[in-house]
Amino acid sequence: YNSGTCGPDLTHWLATVDNNPNLPGDQTVQTYTVGFAMDQEIKGKAYLQSLMTVDNGFFEASTANQLADAFTTILNKVSKSSLSFSSPTYSVDQTTLLSHSDEVYIPVFDRDRNPRWPGNLKKFKRNNNGEIVDANNKAVLNNRGEFLNTARDLWATTAVVNDTGLNGAEVTVGGAANRLPAPNSRTLYTDVGTGLSVLDKTKLAPNGSITKTLLGNAFMSDADAQTLLDFARGWSKEKDPVTGQSYPRNFMGDMLNTKPLLVDYGTTKRVFTATNEGFLHSIDTGSGVEQWAFMPKSLLKNIKTFYENVP
């Protein structure tokens, strides 16, 4: 059909109709479009925009680099869906042993081209029908196992939810990552010297047992070593232009191929989770606040990789 009228109808149909009834859930297709060297093609760009079925799904490019960036952005958007690759961790009721309480802990993460993948641990609950529901007793997952945008985890503060509107599909919003203590208040350990050492720049050799060699480069400057340890504690690379102080990054690494473990001490419960950033976190199940975290000395050399965060 020469006028192209059928194009938008077709992409809309692909985006709204189940394309494979033999699979569970709705199998839909979302369309992105790219216009290359179309600065003067007003009608052509308008047509490509009419084909897209996702917000901000049209990309313009005039050079090879811009074209490559457009496809990279599209592929990242396609793969970035806040899916959990680990099973939910349920809190076992000690009084009945074989039954589960209503607590559910789900690790989530985002893929990235760079080494630093954002992760989070979110707490939800089960209703009487065994369904995973959020703080508002609404469903958390759709029938494909993806987080609904309306989902609000039990550790998300009111301020966070009001600021962003909806947080279910956003890995970095809510959860334990946003309940981390201030960087200087975190209790972080590593196993150097004769036992545990606080993971902090004050423990750099010769004042402590954390050496530059352990950090990956025996010849780095004192300032660089201190910067890496500040980053490990939770300070970002970016600084306030007025005060010169770094911002807290409220960041947890991804939990790919790992499952949280819940331990009930009788009077208190902790959920333990390990991340690919190198930390084992101990988190209070009630508040979602990290109690302590441990990074083995063999992983200290990776701090520089995550700090630089280059592909």
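Heavy atoms only: backbone and side chains are in, while hydrogens, waters and symmetry mates are out.
Between the side chain of Thr31 and the backbone N or O of Met52 there is no donor-acceptor pair closer than 3.5 Å. Within the 3.5 Å criterion, the main-chain N or O of Asn127 finds no donor-acceptor partner in the side chain of Glu131. No donor-acceptor pair closer than 3.5 Å links the side chain of Ser185 to the backbone N or O of Pro181. Asn178 places a side-chain N or O within 3.5 Å of a backbone atom of Thr172 that can act as its donor or acceptor partner. Not one N or O on the side chain of Asp191 forms a donor-acceptor pair closer than 3.5 Å with the backbone of Pro296. Under the 3.5 Å distance criterion, the side-chain polar atoms of Lys123 are left unmatched by any main-chain donor or acceptor of Ala156. One N or O on the side chain of Thr11 and one on the backbone of Leu51 form a donor-acceptor pair closer than 3.5 Å.
Every residue two or more places apart in sequence or in another chain was checked for a ring pair (Phe, Tyr, Trp, His ring centres under 6.0 Å) with Trp13, and none qualifies. Arg270 is linked by a salt bridge (Lys or Arg N to Asp or Glu O under 4.0 Å) to Asp284, counting only residues two or more places apart in sequence or in another chain. For the ring pair (Phe, Tyr, Trp, His ring centres under 6.0 Å) test, no residue two or more places apart in sequence or in another chain qualifies with Tyr247. Checked against ring pair (Phe, Tyr, Trp, His ring centres under 6.0 Å), Phe59 has no partners two or more places apart in sequence or in another chain. Under the ring pair (Phe, Tyr, Trp, His ring centres under 6.0 Å) criterion, Trp117 pairs with Phe109, sequence neighbours left out.
Residues Glu103 and Lys269 are paired through a salt bridge, judged by an N-O separation under 4.0 Å between the basic side chain and the carboxylate.
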Hey, can you pull the donor-acceptor pairs under 3.5 Å for the side chains in residues 33-46, sequence neighbours left out?
| residue | atom | partner | partner atom | Å |
| --- | --- | --- | --- | --- |
| Thr33 | OG1 | Leu48 | O | 3.0 |
| Lys45 | NZ | Glu60 | OE1 | 3.3 |

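Within 6.0 Å of the CZ atom in Phe58, the count of heavy atoms belonging to other residues, nucleotides or ligands exceeds 12. For Asn129, the CG atom is densely surrounded, since the number of other residues' heavy atoms within 6.0 Å is greater than 12.
Under the 30°/60° scheme for interplanar angles, the aromatic rings of Phe272 and Tyr265 are found to stand perpendicular.
Val271 places none of its side-chain heavy atoms less than 4.5 Å from the side chain of Leu261. Two residues are said to be in side-chain contact when any heavy atoms from C-beta on lie closer than 4.5 Å; Tyr105 and Thr285 meet this criterion. Taking the side chain as every heavy atom from C-beta outward, Phe251 and Pro118 approach each other to under 4.5 Å.
Using a 3.5 Å distance cut-off with no hydrogens or angles, the side chains of Ser282 and Gln291 do not pair a donor with an acceptor.
For residues 215-225, the pairs satisfying salt bridge (Lys or Arg N to Asp or Glu O under 4.0 Å) are Lys212-Asp222, with sequence neighbours left out. Residue pairs meeting the salt bridge (Lys or Arg N to Asp or Glu O under 4.0 Å) criterion with at least one partner in residues 241-254, sequence neighbours excluded, are Arg249-Glu277. Applying the salt bridge (Lys or Arg N to Asp or Glu O under 4.0 Å) test to pairs two or more places apart or on separate chains, those with a residue in residues 228-244 are Asp200-Arg233, Lys201-Asp230. Applying the salt bridge (Lys or Arg N to Asp or Glu O under 4.0 Å) definition to pairs two or more places apart or across chains, those involving residues 297-310 are Lys304-Glu308.
Taking CG of Asp69 as the start and CD1 of Ile74 as the end, the distance is 11.0 Å to the nearest 0.5 Å. Within the model, atoms CD of Gln30 and OG1 of Thr28 stand 5.0 Å from one another, a figure rounded to the nearest 0.5 Å. Going from atom CG of Asn309 over to atom CG of Asn114 covers 4.5 Å, rounded to the nearest 0.5 Å.
Alongside Trp235, the hydrophobic cluster contains no other residue (criterion: ILVMFWY side chains under 4.5 Å). When hydrophobic side chains of Ile, Leu, Val, Met, Phe, Trp and Tyr are connected at separations under 4.5 Å, Leu199 ends up clustered with Leu188, Val192, Leu204, Ile210, Leu214, Leu215, Met220, Leu228, Leu229, Phe231, Phe279, Met295, Leu299, Leu300, Ile303, Phe306, Tyr307.
Taking both residues in full, the closest heavy atoms of Ala151 and Phe124 are given as CB-CE2, 4.4 Å, listed atom of the first, atom of the second, then distance. Nearest heavy atoms, His12 versus Thr16: O-OG1, 2.8 Å.
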Practice prompt. Start with the C-alpha distance between Arg179 and Glu290, add both sets of side-chain angles, then the distance that settles salt bridge (charged side-chain N to carboxylate O under 4.0 Å, His left out), and finish with yes or no.
Written response: CA-CA 7 Å; Arg179 308 289 289 190; Glu290 176 192 81; over 6 Å; no
Worksheet entry | Stepwise side-chain contact (heavy atoms from CB on, under 4.5 Å) test for Asp134 and Asp153 | CA-CA 5 Å; Asp134 68 359; Asp153 71 271; over 6 Å; no
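In summary, of the residues considered (Thr275, Leu256, Leu121), a side-chain contact (heavy atoms from CB on, under 4.5 Å) with Pro107 occurs for Leu121 alone.
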